[in-house]
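Basis for what follows: all heavy atoms, side chains included, without hydrogens, waters or symmetry-related copies.
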Amino acid sequence: MTFSSKRDGTFISLIIVAIGVVALATLWPVVFELFFTETPDVIAIWVMIVLFVLVTAFILWISFDIEYTFKEDYLFVRGGLFRSKIPYKDITKVNPTSNILIGYRILSSKDALEIQYKNAFLGSVIISPAKQDDFLKVLCQKAPHIHSVK
């Protein structure tokens with residue numbers, strides 16, 4: 001069973017800010033080179049434009065390509081390039097959280113779940129499935145030993 005990620009206004013705002021920062025860092029030199037120098041360096045201009053496109057594409061990929069899949073023995077969390085296999089036997093606790101600014105996460109909403117498990121990179125992963133109640137129901141079936149606070 002696969003669940004997609006929930007996205008809210010905060011998520012969209014953060015994506016816009018991230019792309020804005022990338023645009024400022026990569027496209028401002030292009031503007032400067034085109035309008036404030038006598039002989040613009042065409043190679044530098046193209047390098048910065050390509051860099052902007054690549055970084056923007058990467059941000060969008062890791063932000064919108066998020067899935068949580070229940071496998072036989074583990075929960076598979078995928079967000080763009082990043083993947084985590086969380087064995088059900090290693091999950092210790094699941095609790096709601098709205099903290100979106102710290103820790104390792106695959107997150108697109110302030111209405112999120114923190115899954116704590118043994119051998120976690122920073123102790124836990126914070127995820128935001130679109131159908132949280134259904135997600136928790138399936139998770140509790142796969143790992144009945146976990147402590148769920150909801």
Are the side chain of His145 and the backbone N or O of Ile91 linked by a donor-acceptor pair below 3.5 Å?
yes

For Cys140 and Ile146, the nearest pair of non-hydrogen atoms, with its separation, is SG-CD1, 4.3 Å

Testing the 3.5 Å rule here: is there a donor-acceptor pair between the side chains of Glu114 and Ser124?
yes

Examine Leu54 and Val22 and state if one hydrophobic cluster contains both, with Ile, Leu, Val, Met, Phe, Trp and Tyr joined whenever side-chain heavy atoms are less than 4.5 Å apart.
no

Working to the nearest 0.5 Å, report the span between CD1 of Ile126 and CG of Leu113.
10.0 Å

Main-chain N/O of Tyr74 paired to Tyr88 side chain as donor or acceptor, under 3.5 Å
yes

Can you get from Trp28 to Val50 by hopping between Ile, Leu, Val, Met, Phe, Trp and Tyr side chains that sit under 4.5 Å apart?
no

To the nearest 0.5 Å, tell me how far Glu67 CD sits from Arg78 CZ.
4.0 Å

Is it true that Tyr68 and Phe3 have ring centroids separated by less than 6.0 Å?
no

Rounded at 0.5 Å granularity, tell me how far CD1 in Ile115 sits from CG in Leu75.
5.5 Å

Mind checking ring-ring contact (aromatic ring centres under 6.0 Å, His included) for Phe76 and listing every partner two or more places apart, or none if nothing turns up?
none

What residue among Ile43, Val47, Asp41, Ile49 forms side chain to side chain contact (heavy atoms under 4.5 Å, CB included) with Ile45?
Ile49

Gln116 vs Asn95, test: side-chain contact (heavy atoms from CB on, under 4.5 Å). Steps then yes/no.
CA-CA 8 Å; Gln116 296 178 1; Asn95 54 305; 4.1 Å; yes

All heavy atoms of Met48 vs all of Thr26, minimum pair found to be CB-O, 3.3 Å

In Å, rounded to the nearest 0.5 Å, how long is the span from NZ of Lys142 to CD of Glu72?
6.0 Å

Measuring from Met1:CE to Gln141:CD, what's the distance to the nearest 0.5 Å?
8.5 Å

